[in-house]
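Some notes on the structure that comes next.
Counting convention: from 1, in listed order, for ligands and their atoms alike.
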Amino acid sequence: MSGRRLPLLLVVLTALMTLTTVKAEYNVVDYGARPDGAADSAGAFQAAWGAACNDTGSSGSRPVLRVPAGRFLLSRVYFKGPCRSAGVVVAIDRNGTVFAPPTVDSRAWIMFHHADGLALRGGTLDGQGQEYWACKKSGRCTGQGPTTLDISQSKGVSVKQLTLLDSKNVHMAIFDSTGVTVQGVRMVAPANSPNTDGIHAQLSRHVTILNTTFSTGDDCVSLGPGTSDVLIRDIKCGPGHGISIGSMGGQPGEEGVRNVTVERAVLTGTTNGLRIKTWGMPNPGSVTGVSFSQVTMHGVANPILVDQNYCPRSRKVDCPGKSSGVQISDVSYEDIEGTSRTPVAVKFDCSDTNPCSGIRLKNIRLTYRHRRPAQARCRNAAGSVSGEVTPPSCF
Ligand SMILES: *[C@@H]1O[C@H](CO)[C@@H](O)[C@H](O)[C@H]1NC(C)=O
Ligand SMILES: *[C@@H]1O[C@H](CO)[C@@H](O)[C@H](O)[C@H]1NC(C)=O
Ligand SMILES: *[C@@H]1O[C@H](CO)[C@@H](O)[C@H](O)[C@H]1NC(C)=O
């Protein structure tokens, strides 16, 4: 064969192969889902997942579970792996909404378990929390209510371009998982909706949250025990309770939180800014290797806060007067500026028995409202200061 014909043949072969590749698509409508917002499509979604998860990926592309435009009512679904393919793509059309019934019957609404390689693209997940929040506030509902999106025991998960609305409880929970990336996501619920945190991660490693907007009724992001190697970048938070590490030390034998970076964040009108909180209880634990940088605060009530005496009376636990067993060390705050809604903009309230160590402040400019000087308060905290730091440090 001449050297000239070979490239042509390759082009033709490639084109043929592309044409004959079967796209492994599992459209929920083909499994009986109804985009009419009336019939419960949970059975159809479950069946489509079963088929996609069973696909070996022999067609050369990853199986796609497709949710087209429309409104799909979905009661609880449990998407369970391990799957035979390298990872299912769940693609919800930009004009596709999946919404929950107002009633509550489980701990989580949409659950992915052992879903290695999952890629979720959206679309909107609407938790329809309104009735349940009212019930919680009236004291008639005492449970936590379901998390909207629950990812557990999974590796290499990505969640992109999704909108999560009005969750009954936490919007997204990441539990016992490794390598979870959330990017270009929005989580929205009213400021007064109870317990509607944005993302809560626990016992998980390599969690990355990029370009994501949170306006909810509780923490924008909270990192619980056993979470490490976390990167949070380019996020907007508010209203809400801010970015939180903790609560730590609520249980004996907890794993610590380690290696957390938060950079380029804007917090607006939140009750806390960058918070580390531990129960005022002697359970041992640790928080170490945390870096907060390039953070702008607009009217945040407690912009920089370490609270080792967390003990809300409503929880009826035995802690007042006890000292936290959690050791907080190596925490840096750099290029943090903006306004505090309260006079104390910086507060390190650390443990008597485990003082905070290695706190670093660099280039901090926080004022009380617009121009009034703010204050810093310390208890059992030691660290270093560089650059311009206002309010002046209390180490
Ligand atoms: C998965 O594949 C197995 C074996 O091929 C089959 O028996 C099973 O019914 C399939 N499950 C689903 C949900 O398609
Ligand atoms: C951030 O996310 C939004 C919403 O999904 C998207 O439109 C935008 O392009 C993203 N920006 C970057 C820099 O990734
Ligand atoms: C800290 O976490 C980041 C983000 O996951 C990771 O890239 C980095 O390697 C980790 N550093 C150490 C020392 O483990």
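Here Gln46 has no heavy atoms under 4.0 Å from ligand 1, in either its backbone or its side chain.
The 4.0 Å heavy-atom shell around ligand 2 contains residues Gln161, Gly184, Asn211, ordered by chain and number.
Residue contact check: His206 has heavy atoms under 4.0 Å from atoms 5 (O) of ligand 3. Close contacts of ligand 1 with Arg84, meaning ligand atoms under 4.0 Å from a residue heavy atom, involve 2 (O), 5 (O).
Side-chain contact check for Phe72 versus Val29: some heavy-atom pair is nearer than 4.5 Å.
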Give the table of side-chain donor-acceptor pairs shorter than 3.5 Å for residues 170-182, with sequence neighbours excluded, one pair per line with atom names and distance.
{"residue": "His171", "atom": "ND1", "partner": "Thr196", "partner atom": "O", "Å": "3.4"}
{"residue": "His171", "atom": "ND1", "partner": "Asp197", "partner atom": "O", "Å": "3.0"}
{"residue": "His171", "atom": "NE2", "partner": "Ser167", "partner atom": "N", "Å": "3.2"}
{"residue": "Asp176", "atom": "OD2", "partner": "Gln153", "partner atom": "NE2", "Å": "3.0"}
{"residue": "Ser177", "atom": "OG", "partner": "Gln153", "partner atom": "N", "Å": "3.2"}
{"residue": "Ser177", "atom": "OG", "partner": "Ser154", "partner atom": "N", "Å": "3.1"}
{"residue": "Ser177", "atom": "OG", "partner": "Ser154", "partner atom": "O", "Å": "3.4"}
{"residue": "Ser177", "atom": "OG", "partner": "Phe175", "partner atom": "O", "Å": "2.9"}

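Asp307 has no carboxylate O lying under 4.0 Å from a charged side-chain N of Lys277, or vice versa, which leaves the two without a salt bridge. We find that Asp219 and Arg275 are joined by a salt bridge, their nearest charged nitrogen and carboxylate oxygen being less than 4.0 Å apart. Under the 4.0 Å criterion applied to side-chain N and carboxylate O atoms, Arg66 and Asp93 are not assigned as salt-bridge partners.
Looking at Asn380 and Asp352, their side chains do bring a donor and an acceptor atom within 3.5 Å of each other.
Residue Asn259 has at least one nitrogen or oxygen atom sitting less than 3.5 Å from a nitrogen or oxygen atom of ligand 3, judged on distance alone.
A distance-only check finds a donor-acceptor pair linking the side chain of Thr339 to the backbone of Gly299 [under 3.5 Å]. Put simply, the side chain of Asn354 never gets that close to the backbone of Ile328: no donor and acceptor are under 3.5 Å apart.
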